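Below: one structure, written as structure tokens.
Keep in mind the model is a prediction, meaning the values are calculated, not measured.
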Amino acid sequence: MFIWTIVALSILAGALIATQGPINAELSRLTGHPLSAAAMSSMMTASILLTLAVVSRAPMPEIGRLAAAPWWIVVGGGLIG
């Protein structure tokens with residue numbers, strides 16, 4: 001049973017990833033510029049993740065640990081994404 005759940009979630013994730021490009025393209029068309037669309041998409045992602053972190057009571061990182069980390073670790077995910 002567990003393996004079928006993983007298979008189903010993998011198929012769903014693949015389908016959602018395949019729709020992300022056309023959705024972002026339409027948002028770009030509606031906003032008039034790809035950077036506006038990317039900013040809106042990123043703000044929505046950040047809002048959802050922040051909400052999930054608060055609801056799940058995820059511990060917030062210590063500022064000292066973040067300050068001690070190499071810059072590319074803190075910034076890397078955002079630049080790649």
If you measure from [atom1] on [X] to [atom2] on [Y], what distance do you get to the nearest 0.5 Å?
{"X": "Ile6", "Y": "Ile3", "atom1": "CD1", "atom2": "CD1", "answer": "5.0 Å"}
{"X": "Leu52", "Y": "Leu50", "atom1": "CG", "atom2": "CG", "answer": "9.0 Å"}
{"X": "Leu12", "Y": "Ile17", "atom1": "CG", "atom2": "CD1", "answer": "10.0 Å"}

Heavy-atom closest pair, residues [X] and [Y]:
{"X": "Ser41", "Y": "Asn24", "value": "OG-OD1, 4.0 Å"}
{"X": "Ser28", "Y": "Thr31", "value": "O-OG1, 3.3 Å"}
{"X": "Pro22", "Y": "Ala18", "value": "CD-O, 3.4 Å"}
{"X": "Leu66", "Y": "Pro61", "value": "CD1-CG, 3.8 Å"}
{"X": "Val74", "Y": "Ala69", "value": "CG2-CB, 4.0 Å"}

Consider only side-chain heavy atoms of I, L, V, M, F, W and Y, link residues closer than 4.5 Å, and tell whether Leu35 and Met43 are in one cluster. no

Same apolar cluster: Ile73 and Val75, side chain cutoff 4.5 Å: yes

Applying salt bridge (charged side-chain N to carboxylate O under 4.0 Å, His left out), which residue pairs with at least one partner in residues 12-36 are found, sequence neighbours left out? Glu26-Arg29

Walk me through it: do Ile23 and Leu27 pass the test side-chain contact (heavy atoms from CB on, under 4.5 Å)? CA-CA 6 Å; Ile23 289 170; Leu27 183 59; 5.6 Å; no

Side chain to side chain contact (heavy atoms under 4.5 Å, CB included) with Ile11: which residues, sequence neighbours excluded? Val7

